[in-house]
Amino acid sequence: MFEVRAEIIKNRAVVANDWGLLRLDEGDAADNVTVPEDKVIVPLTVWLAQRATLAARLPRIGVWLASDERPEALGGDVGQLAVIAIDFPKFTDGRGYSLAYNLRARLGFKGELRAIGDVLRDQLFSMQRVGFDAYAPRPDRSIHDALKGLSVFSETYQASWDEKTPLFRRHQRDVPAPDNNLAAGI
């Protein structure tokens, strides 16, 4: 099945989407499914099975990972891909957060990191913190409402991909000057 959404959220704005998404239908085999000629994000299994052919189409090919797949399976291809998407099969499946963080922090992925699947407004702020910069919210929800999810908090406490220093190290504390009379015992 080939999906094309008109709009996505990218870099904190609603923009036109120029990438299609290929999902395998039941009975499709990764090694012989036909990949459309447009810009397309293919499942990891298709990338691995058809890598020799698809690599010639870079940068017009992206890869998406299911929540139970490992980004290390991409090997050295991570740096050549323009888009990597991570599928959230349901709102409560948080494995995609770890995948995103590992792609950015450990594997050095610099391209577009897109959240797909059951993506809701409440998740966007946390997704941004681990390295996502593009989101395809569920089609039954308002994309403009979802965009507001990126700015729900003005400050974060913990360090993460988007802020390397925790708040207690960023905040300059006002330490009162010592009271000389108290120090002298008066």
Side-chain angles (χ1 to χ4, degrees), residues 8-13 15 17-24 30 35 39-137 146 149-171:
I8 61 166
I9 297 171
K10 184 174 177 181
N11 298 324
R12 299 178 147 260
V15 299
N17 177 28
D18 57 349
W19 288 85
L21 183 73
L22 179 67
R23 291 192 182 269
L24 296 179
V35 177
K39 284 183 167 180
V40 62
I41 305 169
V42 301
L44 176 63
T45 55
V46 172
W47 173 257
L48 295 175
Q50 299 185 30
R51 186 189 178 289
T53 306
L54 295 176
R57 293 175 49 189
L58 289 172
R60 299 181 59 81
I61 294 288
V63 174
W64 68 265
L65 303 169
S67 60
D68 62 348
E69 294 175 325
R70 304 282 308 173
E72 292 85 1
L74 289 166
D77 297 331
V78 167
Q80 297 179 27
L81 295 166
V83 177
I84 296 177
I86 297 174
D87 186 41
F88 287 80
K90 54 186 169 184
F91 175 76
T92 57
D93 188 340
R95 294 175 289 180
Y97 293 92
S98 298
L99 295 176
Y101 185 84
N102 286 332
L103 274 163
R104 293 287 193 205
R106 293 188 181 153
L107 300 177
F109 180 62
K110 303 277 189 237
E112 177 184 314
L113 187 54
R114 184 182 294 197
I116 60 173
D118 195 14
V119 177
L120 301 174
R121 172 188 170 153
D122 295 349
Q123 297 168 288
L124 268 55
F125 185 81
S126 296
M127 287 177 168
Q128 171 185 257
R129 303 245 26 240
V130 295
F132 286 102
D133 57 358
Y135 317 86
L150 290 170
S151 56
V152 242
F153 301 104
S154 60
E155 193 65 73
T156 59
Y157 292 106
Q158 308 89 348
S160 191
W161 173 252
D162 64 338
E163 176 58 64
K164 308 289 189 237
T165 310
L167 181 63
F168 77 92
R169 296 222 188 269
R170 290 179 277 153
H171 182 68

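Values below: every heavy atom of this structure, side chains too, minus hydrogens, waters and symmetry copies.
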Check: [Y] and [X] side chains under 4.5 Å, non-hydrogen atoms:
X	Y	result
D87	R23	yes
W47	D77	yes
I61	V35	yes

Looking at every non-hydrogen atom in both residues, tell me the closest pair between [X] and [Y] and how far apart they are.
X	Y	result
R104	F109	NH1-O, 2.9 Å
T45	A30	O-CB, 3.5 Å
L44	A73	CD2-CB, 3.9 Å
V63	P43	CG1-C, 4.4 Å
I9	L150	CG2-CD1, 3.9 Å
L65	R70	CD2-O, 4.5 Å

Distance (rounded to the nearest 0.5 Å) between [X] [atom1] and [Y] [atom2]:
X	Y	atom1	atom2	result
Q123	Y135	CD	OH	11.0 Å
L81	E112	CG	CD	11.5 Å
E72	L99	CD	CG	8.5 Å
E69	L74	CD	CG	9.0 Å

(message) Less than 4.0 angstrom from a charged side-chain N to a carboxylate O is my criterion; do K10 and D18 meet it?
(response)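 Salt bridge between K10 and D18, a charged N being under 4.0 Å from a carboxylate O: no.
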(request) Give me the one residue out of L24, I41, V40 that meets side-chain contact (heavy atoms from CB on, under 4.5 Å) with V46. (result)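 When L24, I41, V40 are each tested with V46, the side-chain contact (heavy atoms from CB on, under 4.5 Å) holds only for L24.
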(message) Testing I84, I86, D133, N17 one by one against R114 for a side-chain contact (heavy atoms from CB on, under 4.5 Å), which residue passes?
(response)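 Checked I84, I86, D133, N17 against R114; only one passes side-chain contact (heavy atoms from CB on, under 4.5 Å): N17.
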(request) Look only at the side chain of W64 and the backbone of L22, and say whether a donor-acceptor pair between them is shorter than 3.5 Å. (result)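 Between the backbone of L22 and the side chain of W64 there is a qualifying donor-acceptor contact (under 3.5 Å).
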(message) Tell me if a side-chain donor or acceptor on D118 pairs with a main-chain N or O of P89 at a distance below 3.5 Å.
(response)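 The answer is no, because no donor-acceptor pair under 3.5 Å joins these two groups.
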(request) Classify the angle between the aromatic ring planes of F88 and Y97 as parallel (below 30°), tilted (30 to 60°) or perpendicular (above 60°). (result)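 Geometry flag for Y97 against F88: perpendicular rings.
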(request) Verify the neighbour count for atom CZ of R106: are there more than 12 heavy atoms of other residues, nucleotides or ligands below 6.0 Å? (result)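 Not more than 12 within 6.0 Å, no.
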